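Encoded as structure tokens, the structure appears first; notes follow it.
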There are 4 protein chains.
Amino acid sequence: MTRNRIKEVAYKQLAEKGYDQATLSSIAKEVGIKTPSIYAFFKNKEDLFMAVYKDLLEEYYLHIKRSIANFKNGSAKEKLYQIVKELCNYYLSQPEKTAAYTKLAFYLPPTLNDKVKNIFNEMEEMLFEVLETIFSEGIEQGIIKDQPVDDLIASFNCLMDGLFLELLFYTEAKFRRRAEQVWNIYWNGIYKEH
Amino acid sequence: MTRNRIKEVAYKQLAEKGYDQATLSSIAKEVGIKTPSIYAFFKNKEDLFMAVYKDLLEEYYLHIKRSIANFKNGSAKEKLYQIVKELCNYYLSQPEKTAAYTKLAFYLPPTLNDKVKNIFNEMEEMLFEVLETIFSEGIEQGIIKDQPVDDLIASFNCLMDGLFLELLFYTEAKFRRRAEQVWNIYWNGIYKEH
Amino acid sequence: MTRNRIKEVAYKQLAEKGYDQATLSSIAKEVGIKTPSIYAFFKNKEDLFMAVYKDLLEEYYLHIKRSIANFKNGSAKEKLYQIVKELCNYYLSQPEKTAAYTKLAFYLPPTLNDKVKNIFNEMEEMLFEVLETIFSEGIEQGIIKDQPVDDLIASFNCLMDGLFLELLFYTEAKFRRRAEQVWNIYWNGIYKEH
Amino acid sequence: MTRNRIKEVAYKQLAEKGYDQATLSSIAKEVGIKTPSIYAFFKNKEDLFMAVYKDLLEEYYLHIKRSIANFKNGSAKEKLYQIVKELCNYYLSQPEKTAAYTKLAFYLPPTLNDKVKNIFNEMEEMLFEVLETIFSEGIEQGIIKDQPVDDLIASFNCLMDGLFLELLFYTEAKFRRRAEQVWNIYWNGIYKEH
DNA sequence: CATGAATGAGCCTTCATTCAT
DNA sequence: AATGAATGAAGGCTCATTCAT
């Protein structure tokens, strides 16, 4: 289906070049159609990218949700580690989508801003709840030092954000190593020795 | 001096709108000159932004260098904390420059890529050396757990990157709080209890 | 019948926006079909509007013809007055058709020019003959001052044209008043006092 | 000055083809420049045509005003006749401007509507006052039949409008003849026999 | 230094039209 | 009879850039 090919090329070029440089004509050329044909499927350039964004966010959202569902069992440490690992895997398995996702976060055509931010917030809230549960349980079970859950979540997110950013600069091997290093230090900071 | 006013408006608009949307004409308009006048000072759009980038990076570089010089004395903990705090202060005191700096990191006109990356690398190396010294000393003095200095540096950088990214999404108050939280957990992870 | 709905929407939009802005797609949208469907009924945009024009002209032509037939009896004054009145009624009862008719007169796609002008001329000739008869009789009967019939026809037409033009600028009430005023002065000018 | 050449070609093409078909590129081609050059002088297509309209209206307005000033002396009949004659002369000496003026009256980009209508109204009011004076004086002096001045003005305007419309369909010679015929009948209608 | 004028390249978009289904 | 998909042509417009003044 052409519509999907357009969308895929669109997010690929978004990843590579950003919104402005991802020209309708360059997208059309890569798809193998003429520029005006895009308008048979999307009202606008904005409309096209809004669709791309929506897909990207939904897929990401879904993936996180599903990953989390998989770690119902296991210790707090295992759960947290799995989350980090899963997200790293996702990032690395979908480098283009991740890059597109990043571009998205850094420049958004003003019109799309609000719509996209809503999905962002939704995702953040979900992740927040999950982490809250894990940390609370960890503390109750004496595995994690007793400290404000807020702090734990904040620094976990910061870790994730840092990794996310570094994703853009490192090769896969380096990145994986780095993720391990970072995780270790993080865990050492929060677990309670016996 | 007009040349500087151009550069300042340029990085301001870079921060706000990114490279593509920071049009020469929109820059000229804000400066209060006509577009072609820019060519009296810069060969190119690329040339202008290369200058902007260079300034941005050099200032950032210099700032880090100076900050570090200030913490010649003090414990490893103090030194590291000062680095975090100083950078956060810098980010917060120069939100526009920081935003520009970020845009720069996320999209660079291909021609500029190599030149800019060099400066990046230089900065990273410098920071690496500083951190290496601090961590090594900390371990020697028994303040920091004995562990690979590489890991310590990696996770310190990840912390900084995470904060850097979050800078874009949080208000100053929230950000400051977050920085404290993150630092605490980090330090708990690396210091050696007695 | 779809064909007719297309035609009606077409002349309505012609009236509102003129030939160029009466887009096939905007017509299709208002009809509730897809643009290419129009081609099932009309060869062309030109073809469609040619049909619209033809209808418009024929209806107008027919109307004038029928109106005139009604005034077989009566004095010259009555006949002329009835023509003016009838046409004004027609204009006012079909404001959209009249507007379309006007647009038609003012811009015609070059290809249609000749075809349309033929119908115009036909109509004008018919009207000319009718007026000729009325004026000649009026003069013979001593009701109208003895003067060149040509002049009488010319100024009657000018009166009609003026009213036609003013139709576009005035409300119905104002227009009706104006028509009466103009007619009175016109008649006072040509009738012969005893 | 290029700016003026653009405006002149613009109104010429407006006269010939109407607003939509008077393409910026076709205007540029006739001027002998490239399309984007137009934007050095006009913000917009609308801006360009607004300038054209303003010129057209102002010139027309000025011409009427000056013509009228010339007939300060003379009988009512002379004055009225001079107005008709002057306007016909103007129309005929500036066929393109008149055609443009007509196109203007029949289709106006919606944005320009209000601005242009103001100038229209101003002109109409001025003409109304002048005619009011002439007719009132004519009646006082016993040259014109005692009748509502409103009627006299309405039918004079209708005469002018009719002529204006016919201007588009007739050759100069025919038109001049027609104007004479129409004037005669008009005057015969309003003058008072002794 | 600064600018007015000009331009090639290119962008987003619309339009009339075709064709296979 | 109707439509989804596609397209060539063209339109309005912006941009970076040049050049003479």
Side-chain angles (χ1 to χ4, degrees), chain A residues 1-3 5-6 19-29 31-49 109, chain B residues 1-3 6 19-28 31-49 109, chain C residues 1-3 6 19-28 31-49 109, chain D residues 1-3 5-6 19-29 31-49 109:
Chain A
M1 201 185 166
T2 311
R3 196 188 136 92
R5 287 210 345 271
I6 294 172
Y19 185 84
D20 289 308
Q21 305 267 0
T23 295
L24 288 192
S25 67
S26 94
I27 292 171
K29 186 175 277 175
V31 173
I33 56 176
K34 305 298 172 187
T35 313
S37 302
I38 295 178
Y39 287 83
F41 305 97
F42 302 94
K43 220 185 68 211
N44 251 341
K45 184 179 180 180
E46 237 177 67
D47 190 39
L48 162 59
F49 277 96
Chain B
M1 201 187 164
T2 311
R3 195 188 136 92
I6 294 172
Y19 184 84
D20 290 307
Q21 305 267 358
T23 295
L24 288 192
S25 68
S26 95
I27 292 170
V31 173
I33 57 177
K34 303 296 172 189
T35 313
S37 304
I38 295 177
Y39 288 83
F41 304 98
F42 303 93
K43 218 185 69 209
N44 251 342
K45 185 181 180 179
E46 238 176 65
D47 192 37
L48 162 58
F49 277 95
Chain C
M1 202 187 164
T2 311
R3 197 188 136 92
I6 295 172
Y19 185 84
D20 289 309
Q21 305 267 0
T23 296
L24 287 193
S25 68
S26 96
I27 291 170
V31 173
I33 57 177
K34 303 296 172 188
T35 313
S37 304
I38 295 177
Y39 288 82
F41 303 99
F42 302 94
K43 218 186 71 210
N44 252 341
K45 186 182 180 177
E46 241 176 64
D47 190 38
L48 162 59
F49 277 95
Chain D
M1 202 185 166
T2 310
R3 197 189 136 92
R5 286 210 345 271
I6 294 172
Y19 186 84
D20 290 308
Q21 306 267 358
T23 296
L24 288 192
S25 67
S26 95
I27 291 170
K29 186 175 277 175
V31 173
I33 58 177
K34 305 298 173 187
T35 313
S37 303
I38 295 177
Y39 288 84
F41 305 97
F42 302 94
K43 221 184 66 210
N44 252 342
K45 185 179 180 180
E46 237 177 69
D47 191 39
L48 162 58
F49 277 95

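Numbers restart at 1 for each chain; the letters A, B, ... are given by sequence-line order, proteins then strands. Being a predicted model, the structure only gives us computed values, none of them experimental.
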What verdict does the side-chain contact (heavy atoms from CB on, under 4.5 Å) test give for C:Y19 and C:E46, after you've listed the backbone C-alpha separation in whole Å, the side-chain angles of each residue and the deciding distance to 0.1 Å? CA-CA 10 Å; C:Y19 185 84; C:E46 241 176 64; 3.8 Å; yes

N/O contacts under 3.5 Å, protein versus nucleotides 7-10 of chain F?
unit_1: F:dT7; atom_1: OP2; unit_2: A:K34; atom_2: N; d: 3.0
unit_1: F:dT7; atom_1: OP2; unit_2: A:S37; atom_2: OG; d: 2.8

Starting at the 5' end of DNA chain F, which residue's closest nucleotide do you reach first, B:L24 or D:Y39? D:Y39

For D:S26 and for B:D20, locate the closest nucleotide of DNA chain F by heavy-atom distance; then report the residue assigned to the nucleotide nearer the 5' terminus. D:S26

For A:L24 and A:Y39, work out which heavy atoms get closest and say how close. CD1-OH, 3.4 Å

Closest approach of A:F42 and A:I6, non-hydrogen atoms and distance? CE1-CG2, 3.8 Å

The side chain to side chain contact (heavy atoms under 4.5 Å, CB included) partners of A:K43 (sequence neighbours excluded) come to A:D47

Please work out the stems of DNA chain E from pairs that are Watson-Crick or G-U wobble with both distances under 3.5 Å, keeping only runs of three or more consecutive pairs. E:2-21 with F:2-21

D:K29: which residues meet the side chain to side chain contact (heavy atoms under 4.5 Å, CB included) condition with it, sequence neighbours left out? none

Return the set of residues passing side chain to side chain donor-acceptor pair (under 3.5 Å) with C:D20 (not counting sequence neighbours), or none when no residue passes. D:Q21

D:K43 NZ to F:dG12 P: how many Å, rounded? 16 Å

Assess whether side-chain contact (heavy atoms from CB on, under 4.5 Å) is satisfied between C:I27 and C:T35, documenting all intermediate values. CA-CA 8 Å; C:I27 291 170; C:T35 313; over 6 Å; no

Mind running side-chain contact (heavy atoms from CB on, under 4.5 Å) on B:V31 and B:I38 for me, showing each step along the way? CA-CA 10 Å; B:V31 173; B:I38 295 177; over 6 Å; no

Report yes if at least one side-chain N or O of D:N44 is closer than 4.0 Å to OP1 or OP2 of F:dG12; otherwise report no. no

Run the side chain to side chain donor-acceptor pair (under 3.5 Å) test against C:S26 and tell me which residues pass, sequence neighbours left out. C:Q13, C:K17

Extract, from 5' to 3' on DNA chain E, the first and final nucleotides lying under 4.0 angstrom from some heavy atom of chain A. E:dC11 to E:dT14

Could you tell me whether C:F41 contacts a base, only the sugar-phosphate backbone, or nothing, with contacts defined as non-hydrogen atoms closer than 4.0 Å? sugar-phosphate

